[in-house]
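The sequence lines fix the lettering, A, B, ..., with proteins before strands; numbering per chain opens at 1.
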Amino acid sequence: MMSPNTKEAYQLLHDGILALAEAESHGLKIDVKYIQKQKKQISKEIILLENKIYDSAFYKDWKKAVKKEPNIYSSQQLGNYLYKVKGVKIKKETATGEGSTDKETLRLLNIPELETLLEIKELKKVRDTYLDQFEREQVNGEIHPFYHLHIAQTYRGSSSNPNFQNVPKRDKKAMQITRRAIKPRPGHQFLELDYSQLEVRIGACYSKDKKLIDDILHGDMHRDVAIDLFKIKNFDKSKPGHSTLRGAAKNGFVFPQFYGDYYENCAVNLAQNWCKLPKGKFKKGQGIEIEKGYTIADHFIDNGIKSYRKFVATVQEAEHNFWNVRYKTHTKWKESIWREYQSNGFITSKTGFTFQGIMKKNFVINYPVQSAAFHCLLWSLIEGTKALKREKMDSVIVGQIHDAIVFDVNPKELNKLIKIMNCIMCNDVRQHWPWIIVPLEIGAEICPVDGSWAEKQELNIGDE
DNA sequence: GGAACTCGCCAC
DNA sequence: AAACGTGGCGAGTTCC
């Protein structure tokens, strides 16, 4: 339940949807032959792995227990077999209270056949969600992803048919296979410009927290949190172990915390998925290696964190330090907007949108930040579209991913384009919206001429 | 035979 | 006291 409450807010969506319609009309090339070849290859791999499962004692026992041919891809049937037939203890529940069969939970069971199943599911995800989608949606070798402004509760955009906003990135293999299918126009190259830490910066515009702003500009909050979480004494980012732990702090603590998560969830995630540590007492040699012959469990034990329980307490302390010491002004803002909602029944974003209806606290805190952050991107996309036309450029915008714009660039125009966009995204938007009191910065990634979207590399664009 | 639901997983 | 925000999509399943 929300609405634009100013003419300006209405105009932003109006101009935004027109600019996005242009991006839709440009579209992207799809290598159909490649997709068909990949799908065949993946299907072969899947059959081999499936047979491995079907031939196993695990599967035969499952079949015997339920007296019919099990469907290995049915979460319901698998959950039933594991939790009701075999009596495996439920470690995590789904939203409806059933035993979970997600990747994280199955990993804990240490059953080789389930590892094989997870491997198959990764392959199926790539084939059936992405390659199929691209192949199905392409016409004459082009896709035209749709971009919507009327779907998300927060006034973010969304994308569909195909969804251009969730193509694999972190998993190297899945990234390679899927993004390799997407190509620029002949003789052109993809460029992606994204806002650095956009939501955190916009959050700071709401709270005006001095320490938060200072850390955005000069500090490294992920490093500081890593030091707190993992009791690192002399942080050295050139050490691979320290760099990994900084990544864990960023993705396993800072981001979830800004979305409203709390220490217990963060602790489970950090211990299991980042440190690879079991619950219970820590033993020497457990977990990821942070230095040669020295694991995270060794490090924890040496620093008095002898068990998972103790680690949870450490994460709780780090959380306290994060919200009540370091960024206490930001925390005050979170409380004040929550009170504002409780007394008025609605809240308003910096970009002029009202949110009303029944909302939980986390929603109230997130919506204004998420909407205003996206609107910075949208405003830049509108102005970018105008500028490219005004300059009669051959380069075009082909996509939008929440805090990033994807261009199909004529290589001759690359430098000019970056200069124009840097000015729009970092300077002009702040003139337009003076409430942006924190400098905005962008990063760039570039693909080779005629290279696919899998070949993105960081591009240093310096300061202008 | 299709709509709606659950679960899981990809992105930011 | 409660406890992760926003989407899209596929497969399995259930309901009508």
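- Counting any heavy atom pair closer than 4.0 Å across all strands shown, F255(A) reaches no nucleic acid atom.
- For the pair Y83(A) (side chain) and S100(A) (backbone), a donor-acceptor distance under 3.5 Å is present.
- Rounding to whole angstrom units, OH of residue Y367(A) and P of dC12(B) are separated by 20 Å.
- Comparing dC12(B), dC10(B), dG10(C) by their closest approach to the side chain of N166(A) singles out dC10(B).
- The CD1-P distance, from I72(A) to dA11(C), rounds to 14 Å in whole Å.
- Per the geometry, CG belonging to L149(A) stands 13 Å off C1' belonging to dG7(C), to the nearest Å.
- Side-chain contact, S452(A) with E455(A): a donor N or O sits under 3.5 Å from an acceptor N or O.
- Counting non-hydrogen atoms under 4.0 angstrom, V167(A) reaches the backbone sugars and phosphates but no base.
- At least one side-chain nitrogen or oxygen of T94(A) sits closer than 4.0 Å to the OP1 or OP2 atom of dC7(B).
- The aromatic rings of W333(A) and Y206(A) sit tilted, their planes meeting at an angle between 30° and 60°.
- A donor-acceptor pair shorter than 3.5 Å can be found between the side chains of N273(A) and N269(A).
- Here the side chain of T101(A) is nearest to one of dG7(C), dC12(B), dG8(B), namely dG8(B).
- At a threshold of 4.0 angstrom between heavy atoms, the contacts of Q77(A) are confined to the sugar-phosphate backbone, with no base atom among them.
- Interface remark: the Q165(A) side chain does not form any donor-acceptor pair with the dG7(C) base, using a distance-only criterion of under 3.5 Å.
- Atom C1' of nucleotide dG5(C) and atom CH2 of W338(A) are separated by 14 Å, given to the nearest angstrom.
- Distance check on atom C1': dC9(B) versus dC4(C) gives 16 Å, rounded to whole Å.
- The distance between atom CZ of F134(A) and atom P of dC9(C), rounded to the nearest whole Å, is 11 Å.
- Counting any heavy atom pair closer than 4.0 Å across all strands shown, K361(A) reaches no nucleic acid atom.
- For F363(A), the listed nucleotide lying nearest its side chain is dG5(C); candidates were dG8(C), dC12(B), dG5(C).
- Aromatic rings of W338(A) and F363(A) (six-membered ring for Trp) have centroids beyond the 6.0 Å cut-off, not under it.
- With dG8(C), dC10(B), dG5(C) as the candidates, the nucleotide lying closest to the side chain of P168(A) is dC10(B).
- Listed nucleotides dC7(B), dT6(C), dG8(C) differ in distance to S75(A); the shortest reach to its side chain belongs to dC7(B).
- For dC7(B), one of the phosphate oxygens OP1 or OP2 lies less than 4.0 angstrom from a side-chain nitrogen or oxygen of T96(A).
- Judged purely by atom type and a 3.5 angstrom limit, S307(A) has no side-chain atom pairing as donor or acceptor with the backbone of G280(A).
- Put simply, S100(A) has a side-chain N or O that comes within less than 4.0 Å of OP1 or OP2 on dG8(B).
- Within the 4.0 Å cut-off from OP1 or OP2 of dC10(B), not a single side-chain nitrogen or oxygen of R179(A) is found.
- The phosphate of dA11(B) (OP1 or OP2) has no side-chain N or O of S159(A) nearer than 4.0 angstrom.
- Side-chain proximity of P256(A) to dC4(C), dT6(C), dA11(C): nearest is dC4(C).
- Whole-Å rounding puts the N362(A) CG to dC4(C) P distance at 6 Å.
- Contact of the V406(A) side chain with the F164(A) side chain is registered, since non-hydrogen atoms from C-beta on lie closer than 4.5 Å.
- When distances are taken from the side chain of R170(A) to each of dG5(C), dC7(B), dA11(B), the shortest belongs to dA11(B).
- Straight-line distance from the CG atom of D128(A) to the P atom of dG8(B): 18 Å, rounded to whole Å.
- Taking the side chain as every heavy atom from C-beta outward, Q76(A) and N80(A) never approach each other to under 4.5 Å.
- For N273(A) and dC9(B), the CG to C1' distance is 14 Å, given to the nearest whole Å.
- When distances run from any side-chain atom of I151(A) to the nucleotides dG8(C), dG10(C), dT6(C), the shortest one goes to dG8(C).
- Residue contacts for N71(A): at a heavy-atom cut-off of 4.0 Å it reaches the sugar-phosphate backbone alone, with no base atom in range.
- Residue K360(A) has a polar side-chain atom (N or O) positioned under 4.0 Å from OP1 or OP2 of dG5(C).
- Between Y130(A) and dC10(B) there is no side-chain polar atom (N or O) within less than 4.0 angstrom of OP1 or OP2.
- Side-chain N/O atoms of R156(A) and base N/O atoms of dC12(B) include a donor-acceptor pair closer than 3.5 Å.
- R127(A) comes within 4.0 angstrom of no nucleic acid atom, judged by non-hydrogen atoms across all strands.
- The nucleotide whose nearest atom lies closest to any side-chain atom of Q133(A) is, among dA11(B), dC9(C), dC4(C), dC9(C).
- The side chain of S158(A) has dG7(C) as its nearest neighbour among dG7(C), dT13(C), dC9(C).
- Contacts of Q76(A) with the nucleic acid, taken as non-hydrogen atoms under 4.0 Å apart, involve only primed sugar atoms and P, OP1 or OP2.
- The base of dC9(B) lies close enough to the side chain of K125(A) for a donor and an acceptor atom to sit less than 3.5 Å apart.
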